[in-house]
Amino acid sequence: MATVGSMQEEAIRRKERLKALRQKQKPELEDTENTEPPTKKPLTDENVTEESKAVFKNYNPADDTLKEKVLPKASLPSVEEHIKDQLEAAKPVPVVEEVDLVNLAPRKPDWDLKRDITPKLEKLERRTQRAIAELIRERIQSGMASDLMTAVSAQQPPTEPRGDDSDDD
């Protein structure tokens with residue numbers, strides 16, 4: 001039974017240490033032995049702020065003095081109008097207006113090759129024309145003025161009627 005007495009003494013010492021810690025933390029509290037919470041203050045007009053005043057939203061008071069604190073009824077938005085707006089916003093845009101038929105047409109398998117080679121062919125065409133002009137000048141300077149007409153007609157490609165040419169596309 002000696003341990004029971006020592007345990008009580010330890011408990012008393014522990015309580016004293018806790019009181020000392022509380023005093024250090026809150027020196028304004030003079031009564032540290034009173035561990036009960038402070039009593040509630042009665043509500044008076046001085047203590048009541050605007051936040052704590054009663055406002056009646058759904059309750060209709062019977063007292064005339066309280067009826068002035070009732071909030072006016074809120075007007076609710078029309079559900080039909082809200083649903084109509086949502087239905088109009090959800091309508092799909094006609095697909096026919098968005099589709100471009102030019103982009104849907106199939107392309108020939110060599111369209112990319114023609115696209116890449118066209119600038120090179122234009123450059124070669126200019127060089128060919130320049131080379132033909134130089135050859136004609138050389139023949140003119142060499143004295144073959146009489147053969148000029150035959151040389152010019154020989155250099156020109158024969159004219160073919162333009163028809164449906166499958167290589168042009």
Expected list for residues 117-131: side-chain donor-acceptor pairs under 3.5 angstrom, two or more places apart:
residue	atom	partner	partner atom	Å
Thr118	OG1	Lys114	O	2.4
Glu125	OE2	Gln129	NE2	3.2
Thr128	OG1	Leu124	O	2.7

Query - side chain to side chain contact (heavy atoms under 4.5 Å, CB included) partners for Thr65, two or more places apart - result: Asp63
Requested in this report: Linking directly or through intermediates, with side-chain heavy atoms under 4.5 Å: list the remaining ILVMFWY members grouped with Leu113, chain and number order.
Outcome: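 Direct or chained contacts put Leu113 with none.
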Query raised in the report: In the hydrophobic clustering that connects Ile, Leu, Val, Met, Phe, Trp and Tyr at side-chain heavy-atom distances below 4.5 Å, which members other than Val79 occupy its cluster, ordered by chain and number?
Result: Ile83, Leu87
Query raised in the report: Crowded around Arg115 CZ? As in, over 12 foreign heavy atoms under 6.0 Å?
Result: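 Yes - once you tally the heavy atoms of other residues, nucleotides and ligands closer than 6.0 Å, there are more than 12.
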Requested in this report: Flag yes if more than 12 heavy atoms outside Glu81 fall under 6.0 Å of its CD atom; otherwise flag no.
Outcome: no
Requested in this report: Could you list all the salt bridge (Lys or Arg N to Asp or Glu O under 4.0 Å) pairs where at least one residue sits in residues 5-16, not counting sequence neighbours?
Outcome: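 As it turns out, the salt bridge (Lys or Arg N to Asp or Glu O under 4.0 Å) pairs with a partner in residues 5-16, which skip direct neighbours, are Glu9-Arg13.
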Query raised in the report: Val70 and Pro61: which non-hydrogen atoms are nearest, and at how many Å?
Result: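 Smallest interatomic distance, heavy atoms only, reads CG2-CD, 3.4 Å.
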